[in-house]
Amino acid sequence: MTRGELRVYLGAAPGAGKTHRMLEEAHRRRARGEDVVVGVVEPRGRSDTAALAAALETVPLRTVRHLGTAREEMDLAAVLARSPAVVLVDDLAHTNAPGAGHPHRRQDIDTLLDAGISVVSTVGIQHMESLGDVVRRITGTARDETVPDSWVRRADQIELVDAAPEALRHRWARAGAHGPAGVGTAPGAGLRDGDLAALRELALLWLADQVEGRLDDYRDEHGVSVAWQARERVVVALAGGPEGDALVRRAARVAARSKGADLMAVHVADGRGLAKADPAVLARQRVLVENLGGTFHHVLGDDVPTALIEFARGVNATQLILGAGRRSRLAHVFSPGVGVSTLALSGSIDVHLIAHEGVGARTGPRPRGALSRRRRMAGFALTLVGLPLLALGVGLPHDENTFPSGLLLVLALVTITSLVGGMWPALLAAVVGFLTMNFLYTEPYRTLDIDDPFKVLALVVFLVVAVSVSVVVDQAARRTREAALAGAEARTLAAVAGTVLSGSRPLEALLEQLRETFALDSVALLERRSGTLPGPDHRQDPGLWTVAASVGEHPARAPGDGDVDVPIDDSLALVLGGRRPEAGDRRIIEAFAAQSALALRQGRLADEAAAARPLAEADRMRTALLAAVSHDLRAPLASAKASVTSLRSREVSFGPEDQEALLATADESLDRLTALVSDLLDMSRLQAGVLGVTTTDLPLRESVLRVLDQLGPRGRAVRVELPEDLAPVRADPGLLERVLANVVDNALRFSPSDRPPTVTAAATGTHVEIRIVDHGPGVPESGHGRMFVPFQRLGDTDHDTGLGLGLALSRGLVQAMDGTMEPDTTPGGGLTMRVTLPAA
């Protein structure tokens, strides 16, 4: 069976006319000969809407009764039986009444669509689940009924029903006293024009995202690689240099000129793992991009221009911003550079080359040699000593065979020299070897002239091969060194990130890792005191700085006191003491500095959250208490008050039996009130940690029997199976009896009359475990945790048995006596409560 189609009219604001548009669409379809019926329509008091609905065939609603009230809901079974081609279902975010079938109207719509019936429905932007908090801030009213955005996005067609705020107000005025339905405001105190405009903008942006998603799907399905500039998207390319901050701010200004434009930053990392970007600078620029409302992206690519253009086309970018190159004019002769190459590949994407202070300047440290100085000196020594020894070994030429033999031996020496000392000793060996072969082994001898042209060619080829070998060997050694350094940096940065993400004290661990990595004496993260202004010597004054965190001995008290000062921002600095790391290590140190600042802020946020958690818990408890007091304390008060008032009344005379009944009611109500207040007070003492507990050695049997006596006739039905040699427990007598009374009373309440609860106990090492076993309906394992939440009752159907504090208070009392209380499932059905206490 073909699934039906879903068409949704999205209202930009309450009262925009989405139901009216739905009914107009129904009349157009009926005029085309389609079978259209009304499943449910809510005219909301508007006569024109009601008239449109009355002209269509309507499936009668069904009446659902719940808790003494009657509600009319769509009759899903009747609509399925009628089986029209199209059905109108208004307000798809509606929540059905209990007993109506599906909990939500959207589930009814799913059933209709699965049956092959097309549905036309409506929804307001204020009912979108992802926008709930935004709508609440705009309108001041929280929406009880919401619908998942993903469900609405599945619709085959979504049409926006929009109206300007002024038009809405004129419409409401013409409609009389009726204001926008579902806003939760009176007609005279409705939404302001600014509120309506904000809701309108939300709807437009939400629908734009929906259209964009479908556009991306279409481009993927049809293989469209050309950027379609439906919305401004500004991409800024970051190379990891200091100029990136200016580029990001420039890109943000460009994006701000177009309402709703997207800002994206991208860094292309060398696919060979030999990226030259500074990780600390990139980390800082990422934070800057996100603070400006943009997103940061990493891509891999050996060819930077191609990777940039592919990313820009992939995100449908309209503008691409790059920094002007820092390369010299001589370098441009051999290669056009990233900017020019990107411009050539850009196509319809606008490319901006932004000038900055680093244009034409060489930045960063000069590359270090691939080999150590000792090895280079060894190469020079091999050249200066090896060539004379080689000449002596070969001797003066005796015949024509001496020249090729000597040429091969000198080439071998050049190769060995390049392996030992790198490029420059090898180049020296190649040049000296060339001159030596020319001077000693080519006619005329002991001159630089050469008579044989073939020997000229041989010497030139020798020189080219020798130079090429030396360059290739040197580059291989350099790349090997760079790869090793990149791998070491990657491992160090991975350890840095892991330190921040794990551990209870990530900042101290991060600083300790930095100290160990570079063998430092101390590392300190300094923060400038609030309210102080930077002066000419502010980095030397310890009075202007505080130590946010430090490791090692004698940490610096001011940035100028250390051996290395790494500024993080205007208020933070990382100071190293003990030794000066090499210049090439500063990139890693700056990465440590950036992560240290993040760890500091993360720790402070965690501290603030921890400080706010007790306040939030107290507020939650206070709110729950007020909600519970509104009924649970008021009910016994009302009963006692009514009984006493009746007894004091002079207008009605009561007989002895009636007086006794009223007194009994008042006494029972006051007992309930006393128990409730005692539970509340004890729970507050438990949470405050001031509950007095005096433990002593108690025979468990005596405590259990006293509890059963307190329960009266009901307690006599409980079976007690305690071993005669059971060790005493260490507990507070009053608290233990209160816990047992509460748990046994619960077990009696839910146990069938023919299977009363059982109390058993057994010694388990240094503890005694008490089991109260009932054979009632039990509690599923998913509900075991909620049993001990204050002010909660499983099912929330019984409002006459207290505040839901019993089990929560009992567990707290047991824990105060160094015990535990855990639920378990009784074999065969029921609940077993296990109370474990220390043995005497």
Side-chain angles (χ1 to χ4, degrees), residues 675 678-679 681-712 714-751 755-776 778-779 781 784-790 805-828 830-840:
S678 298
D679 284 348
L681 291 175
D682 286 342
M683 179 58 71
S684 64
R685 292 193 190 101
L686 272 175
Q687 292 195 335
V690 295
L691 182 69
V693 179
T694 304
T695 58
T696 185
D697 296 344
L698 298 175
L700 184 59
R701 179 180 295 274
E702 294 181 6
S703 298
V704 172
L705 294 178
R706 275 198 299 269
V707 168
L708 298 182
D709 289 340
Q710 293 173 12
L711 294 175
R714 297 171 62 242
R716 299 190 185 98
V718 178
R719 293 187 299 177
V720 180
E721 300 177 359
L722 301 178
E724 295 293 338
D725 58 347
L726 184 65
V729 296
R730 188 78 179 172
D732 184 295
L735 299 185
L736 176 59
E737 291 181 11
R738 189 165 182 185
V739 170
L740 293 176
N742 183 278
V743 178
V744 173
D745 182 66
N746 280 343
L748 284 168
R749 188 181 310 135
F750 295 106
S751 292
R755 302 188 69 185
T758 303
V759 178
T760 66
T764 57
T766 60
H767 289 74
V768 174
E769 183 179 85
I770 310 166
R771 289 175 171 261
I772 297 90
V773 183
D774 70 60
H775 302 280
V779 177
E781 291 188 7
H784 284 178
R786 291 190 296 123
M787 293 171 60
F788 300 101
V789 179
L805 278 172
L807 288 177
L809 179 59
S810 297
R811 173 181 266 189
L813 296 177
V814 172
Q815 291 174 346
M817 296 184 289
D818 297 328
T820 61
M821 182 175 178
E822 299 295 336
D824 203 351
T825 301
T826 303
L831 181 69
T832 297
M833 195 65 68
R834 297 184 289 107
V835 179
T836 304
L837 292 169

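The shown structure was predicted, so the numbers you read here are calculated from the model rather than taken from an experiment.
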Note to self: Just checking R755: does its CZ atom have more than 12 heavy atoms from other residues, nucleotides or ligands closer to it than 6.0 angstrom?
What the structure shows: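 Incorrect, the count does not exceed 12.
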Next item on the list: Could you tell me which non-hydrogen atom of P699 sits nearest to which non-hydrogen atom of D697, and how far apart they are?
Entry: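 Smallest interatomic distance, heavy atoms only, reads CD-O, 4.2 Å.
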Checklist line | Taking every non-hydrogen atom, the tightest pair across A747 and S751 | finding: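 Looking at all heavy atoms of both residues, the shortest contact is O-OG, 2.6 Å.
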Flag the pair [X] / [Y] as yes when at least one side-chain heavy-atom distance between them is below 4.5 Å, and no otherwise.
X    : Y    : result
L698 : E702 : no
V718 : P756 : no
V768 : L837 : no
M833 : P823 : yes
R701 : E724 : yes

Return the [atom1] to [atom2] distance between [X] and [Y], rounded to the nearest 0.5 Å.
X    : Y    : atom1 : atom2 : result
L740 : L711 : CG    : CG    : 10.0 Å
S703 : L722 : OG    : CG    : 10.5 Å
M817 : T695 : CE    : OG1   : 9.5 Å
N742 : I772 : CG    : CD1   : 10.0 Å

Table please: side-chain donor-acceptor pairs of residues 758-767 below 3.5 Å, with sequence neighbours left out.
{"residue": "T758", "atom": "OG1", "partner": "R719", "partner atom": "NE", "Å": "3.4"}
{"residue": "T758", "atom": "OG1", "partner": "R719", "partner atom": "NH2", "Å": "3.1"}
{"residue": "T764", "atom": "OG1", "partner": "H767", "partner atom": "O", "Å": "3.4"}

Notebook entry, point to check: Under the side-chain contact (heavy atoms from CB on, under 4.5 Å) test, which residues partner R834, sequence neighbours left out?
Noted result: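 For R834 the side-chain contact (heavy atoms from CB on, under 4.5 Å) partners, ignoring immediate neighbours, are E769, R771, E822, D824, T832.
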Notebook entry, point to check: Partners of T820 by side-chain contact (heavy atoms from CB on, under 4.5 Å), sequence neighbours excluded?
Noted result: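 Counting only residues at least two positions away or on another chain, T820 forms a side-chain contact (heavy atoms from CB on, under 4.5 Å) with T836.
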Exam field: side chain [X] to backbone [Y], donor-acceptor pair closer than 3.5 Å:
X    : Y    : answer
R811 : M821 : yes
R714 : L748 : no
T826 : L831 : yes

Next item on the list: Could you tell me whether D709 and R716 have a side-chain N and a carboxylate O separated by less than 4.0 Å?
Entry: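 Salt bridge flag = no for R716 with D709.
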